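Only this structure's heavy atoms are used, side chains among them; waters, hydrogens and symmetry mates stay out. These numbers come from a predicted model, not from an experiment. Note that the numbering runs from 1 along the sequence shown for the chain. We count ligands from 1, going down the list as the structure has it; atoms in each ligand are counted the same way.
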Amino acid sequence: MMTTMIKNRGKILVFSAPSGAGKTTLLSYLLETVPGLVYSVSATTRKPRQGEVNGKHYFFLSEEEFRQRAANDEFAEWELVHGNYYGTPRLFVESVVSRGASIVMDIDVFGKKKLDCVFPEAVGILITPPSIEELEKRLRLRKTDDESTILVRLENARTEMEFAAGEGKYEYTIVNDDLERAKEKISKLTRTIING
Ligand code: ADP
Ligand code: 5GP
């Protein structure tokens with residue numbers, strides 16, 4: 001007799017945070033320490049920062065390529081964030097979760113809202129800085145953005161946090177105050193979600 005194994009779908013974990021809150025730091029830790037998680041590599045028209053690798057951190061596209069892919073409906077969601085386009089390749093997400101693996105996404109709060117229309121089961125986790133002053137400090141210390149970019153990101157942080165608290169659907173919030181404590185929290189929470 002033939003038996004058919006039906007695998008449970010993997011979980012979709014969406015992490016959002018204002019720029020500089022520490023999301024990249026926390027997600028790198030998470031992906032290194034929790035086995036089996038797959039990272040959803042977004043497409044962007046932003047220029048690569050030092051050390052960023054095409055296909056690993058982002059797929060770096062020209063605006064024309066990005067528009068073409070959006071028109072072909074290749075993105076589960078896409079957004080203009082801080083003046084650049086960012087989008088989540090849809091088929092990759094589907095292929096990961098349908099084989100039972102869990103996927104981790106790093107997308108902005110408006111993109112998360114759009115993603116909910118395509119993947120309503122996505123679990124939202126908001127990472128916040130302890131204060132706007134601390135956020136500003138971290139953006140400056142990171143030394144990856146010029147002054148005008150930092151100011152845009154700080155201004156956007158207020159709008160993003162308001163949206164996340166209102167229309168955004170975030171089941172969990174992690175305050176990234178002490179880094180070691182935040183690492184522990186993100187790791188424990190993720191294990192609970194993917195095993196639940
Ligand atoms: P994001 O990806 O959210 O923009 P990053 O992970 O790049 O943020 O972090 C921004 C800066 O803040 C980096 O220089 C990082 O080393 C630092 N950072 C991250 N978490 C903390 C923390 N808990 N306390 C102090 N600095 C932090
Ligand atoms: P950064 O340029 O600092 O890497 O990212 C800037 C912002 O773009 C962050 O808030 C990040 O979460 C968001 N982002 C990255 N990829 C995507 C994506 O695929 N879709 C959306 N909507 N936002 C994204």
How far is [atom] from the closest protein heavy atom, and which atom is that?
atom	value
atom 6 (C) of ligand 2	Y86 OH, 3.5 Å
atom 11 (C) of ligand 2	D106 OD1, 3.3 Å
atom 19 (O) of ligand 2	S42 OG, 2.7 Å
atom 13 (C) of ligand 2	D108 N, 3.8 Å
atom 7 (C) of ligand 2	V81 CG1, 3.7 Å
atom 9 (O) of ligand 1	G22 CA, 3.6 Å
atom 7 (O) of ligand 1	R142 NH1, 2.9 Å
atom 20 (N) of ligand 2	E77 OE2, 2.7 Å
atom 25 (C) of ligand 1	R138 NE, 3.5 Å
atom 4 (O) of ligand 2	Y58 OH, 2.5 Å

Of the side chain and backbone of [X], name the one, both, or neither that has a heavy atom under 4.0 Å from an atom of ligand 2.
X	result
M105	neither
K47	neither
K23	side chain
K114	neither
R49	side chain

Check the side chains of R46 and T44 for a donor-acceptor pair under 3.5 angstrom, ignoring hydrogens and angles.
no

Side chains of T159 and N156: donor-acceptor distance under 3.5 Å anywhere?
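The answer is no; no qualifying pair exists.
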
Looking at side-chain heavy atoms only, is the closest gap between L27 and F15 below 4.5 Å?
yes

So how far is it from [X] [atom1] to [Y] [atom2], rounded to the nearest 0.5 Å?
X	Y	atom1	atom2	value
L13	I125	CG	CD1	4.5 Å
L61	T45	CG	OG1	8.0 Å
E160	S19	CD	OG	8.0 Å
N84	K47	CG	NZ	7.5 Å

Compute the shortest N/O to N/O distance between [X] and ligand 1 and return yes if it is under 3.5 Å, no if not.
X	result
G20	yes
K23	yes
E134	no
A17	no

Proximal ligand 2 atoms for E79, defined as those under 4.0 Å from one of its heavy atoms
22 (N)

Would you mind running through ligand 2 and noting each atom that sits below 4.0 Å from a heavy atom of G87?
18 (C), 19 (O)

Give yes if a backbone or side-chain nitrogen or oxygen of R153 is under 3.5 Å from a nitrogen or oxygen of ligand 2, and no if not.
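So ligand 2 has an N or O lying under 3.5 Å from an N or O of R153.
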
Look at K11 together with E121 and state whether they make a salt bridge at an N to O cut-off of under 4.0 Å.
no

Note: E180-K183 ion pair, threshold 4.0 Å (strictly below):
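Here E180 pairs with K183 in a salt bridge, since their nearest N and O are under 4.0 Å apart.
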
Out of all atoms in ligand 1, which are within 4.0 Å of some heavy atom of [X]? Include the element for each.
X	result
T25	5 (P), 6 (O), 9 (O), 15 (C), 19 (C)
T24	1 (P), 2 (O), 6 (O)
S19	4 (O)

Give a yes/no on ligand 1: does D177 have at least one heavy atom closer than 4.0 angstrom to it?
yes

Using non-hydrogen atoms of the residue, decide whether A182 is closer than 4.0 angstrom to ligand 1.
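No.
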
Taking atom [atom1] of [X] as the centre, does the number of heavy atoms from other residues, nucleotides or ligands within less than 6.0 Å exceed 12?
X	atom1	result
E64	CD	no
R49	CZ	yes
E184	CD	no

CA sep, side-chain torsions, deciding dist, call: E79, Y85, side chain to side chain contact (heavy atoms under 4.5 Å, CB included)
CA-CA 6 Å; E79 272 291 329; Y85 290 101; over 6 Å; no

Compute the ring centroids of Y86 and W78, then answer whether they are less than 6.0 Å apart.
no

Can the positive tip of K112 be found less than 6.0 Å from the middle of the six-membered ring of Y170, inside 45° of the ring normal?
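Yes, K112 lies over the aromatic ring of Y170.
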
Check whether R90 reaches the backbone of E74 with its side chain - one donor and one acceptor, N or O, closer than 3.5 Å.
no

Pick from L135, I127, N176: the one approaching atom 20 (N) of ligand 1 most closely through a non-hydrogen atom
N176

